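One structure is given below, encoded as structure tokens.
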Amino acid sequence: MTTYKHPHGHVFYRKMNHARPKIAYGEGIYLFDESGKRYIDGSGGPLVVNVGHGRSEIVAAMAEQAQKAAYVHAIMFTNEATEQLSDELAELVPIDNPRFFYLSSGSEVVEGAIKLARQIQQARGQATRDIITCRSLSYHGMTLGALGVSGRPGLRTPYMGMMVNMPHVRPPYPYRFEASGEELAGRLEESIMAYGAETVAAFIAEPISGASLGAVVPPDDYWPAVRRVCDKYGVLLIADEVLVGMGRTGKWWGINHWNIEPDILVTSKGLAGGYFPFGFVAAKHSDVETIRQNLGDWNHGGTFSHHPVGCAAALATLHIMQKERLVENSATLGVKLGEMLQDALGHHPNVGEVRGRGLFWGVEFVQDKASKDPFPAARHLAWDIWQKAFDKGLAVYYSQGCADGQNGDVIMVGPPLIVTEVQLVEMVAILTEAVHEALGKGA
Ligand SMILES: Cc1ncc(COP(=O)(O)O)c(C=O)c1O
């Protein structure tokens with residue numbers, strides 16, 4: 001029997017009318033609540049738990065760092081964990097001679113990236129550039145700057161009067177809009193020209209769409225065409241790898257699938273595996289140096305930037321990923337997961353598309369395969385399927401609004417990268433049962 005903590009305590013949560021089990025501990029891909037019920041952590045929440053639960057190596061590294069020096073202010077000191085992590089990440093990040101700035105969440109690194117882009121442009125003598133062009137149906141975070149470059153109407157509407165709404169262009173979404181990468185990059189170019197290239201600092205996008213669209217992979221000509229447009233107009237390219245970075249899609253970085261070098265890359269969720277709230281902004285040494293020479297300092301910071309315990313957690317996470325070859329596991333088992341989902345659900349009359357890369361897959365539901373009409377938002381289909389899977393002991397991720405910002409249901413699967421094939425089989429079986437319960441077998 002599941003024991004649910006009812007919402008009468010002194011905590012409040014984002015989803016308010018929902019009682020949640022109290023988790024006692026986690027181990028590998030599993031979580032156990034206080035009644036002993038087991039949950040497969042099939043998406044690590046919002047794609048966070050890359051190396052699994054209960055990794056004593058990470059806990060030990062964090063404890064050792066906390067004992068040595070739990071906190072030092074980054075304006076005044078450095079520490080070995082921060083320096084070593086940066087040296088090791090420099091070998092992995094697809095930016096020439098990168099430099100790293102550490103913060104505590106995805107929203108924070110996005111805020112950091114857009115402010116860094118602005119300051120790079122100022123330092124280059126391009127002070128009129130303060131627009132960050134972005135994409136509709138995207139998500140970059142909940143703070144007002146990050147929300148200003150996000151494209152999720154439901155999250156933005158209450159705060160529209162409080163934020164700067166940046167120009168949005170259409171994202172790649174082959175299932176619903178047939179457009180080549182060149183055409184979509186053409187929309188970006190039109191937007192830059194409409195505002196005036198001398199006003200645009202950067203373009204920000206997720207290399208593979210995350211939670212808003214649910215694992216949409218762009219056409220192969222998209223990223224090279226976007227890079228060309230950005231170069232043509234002196235616009236910096238920011239790759240938001242908060243969700244798809246750190247091996248999630250079968251390469252270290254989503255952008256690696258197209259061999260593109262962004263000017264700025266940010267990541268967070270999987271960086272410290274969920275053991276510490278952590279993320280980084282990476283930029284070219286040459287751009288950081290331009291700021292140093294022309295502006296003196298970067299006008300940004302934060303009390304907990306470059307946190308030593310976060311750096312120790314990220315370093316230990318990185319070492320596990322390398323030792324256990326988890327990026328390779330993500331690539332190999334990702335292909336199998338895609339095939340399993342396609343076999344189990346692809347033919348269901350209410351499944352519009354199964355899509356993804358590596359160990360990040362989305363299943364989009366429609367009323368009818370031919371019309372691709374989404375279910376009305378009021379049906380709360382994704383939540384319904386999510387709830388049914390959850391009750392059966394599988395926690396996946398869900399999202400609503402992919403079709404038009406409001407309607408459109410996606411379930412996302414993204415287990416820890418340590419998952420095995422046998423465990424994937426069990427996950428897909430439970431998810432299929434939940435879909436059948438919500439929508440019928442469709443036979
Ligand atoms: C691509 C992307 N960027 C930024 C964020 C914001 O991250 P956080 O929730 O850690 O602030 C998210 C979170 O889902 C994300 O998926």
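Bear in mind that the values here come from a model prediction, so they are computed numbers and not experimental data. Start at 1 and go down the list; that is how both ligands and their atoms are numbered. As a basis for the values below, the full set of heavy atoms in this structure was taken, side chains included, without hydrogen atoms, waters or symmetry mates.
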Using a 4.0 Å cut-off to any heavy atom of [X], which atoms of ligand 1 qualify?
X    : answer
S105 : 10 (O), 11 (O)
L243 : 16 (O)
E206 : 1 (C)
V242 : 2 (C), 3 (N), 4 (C), 5 (C), 7 (O), 12 (C), 15 (C)

Regarding T82 and N79, is there a side-chain donor-to-acceptor distance under 3.5 Å anywhere?
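Per modelled atom types, T82 and N79 side chains form a pair under 3.5 Å.
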Which heavy atom of the protein is the closest neighbour of [atom], given with residue, atom name and distance?
atom                    : answer
atom 10 (O) of ligand 1 : G106 N, 2.9 Å
atom 3 (N) of ligand 1  : D240 OD2, 2.7 Å
atom 11 (O) of ligand 1 : S107 OG, 2.5 Å

For [Y] together with [X], are the ring centres under 6.0 Å from each other?
X    : Y    : result
Y39  : Y30  : no
W258 : Y222 : no
Y102 : F278 : yes

Partners meeting salt bridge (charged side-chain N to carboxylate O under 4.0 Å, His left out) with K392 (sequence neighbours left out)
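Salt bridge (charged side-chain N to carboxylate O under 4.0 Å, His left out) list for K392, sorted by chain: E433, E437.
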With heavy atoms only and a cut-off of under 4.0 Å, state how K269 meets ligand 1: side chain, backbone, both or neither.
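Contact part for K269 vs ligand 1: side chain (C-beta onward).
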Heavy atom of G210, distance to ligand 1 below 4.0 Å:
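Not so, G210 does not reach ligand 1.
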Quick one: pull up CG in L85 and CD in E83 and give me the separation to the nearest 0.5 Å.
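Nearest 0.5 Å value for the CG-CD distance: 10.0 Å.
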Go through the steps for E189 and K232 under the test salt bridge (Lys or Arg N to Asp or Glu O under 4.0 Å), then give the verdict.
CA-CA 9 Å; E189 183 165 15; K232 184 170 168 189; 2.8 Å; yes
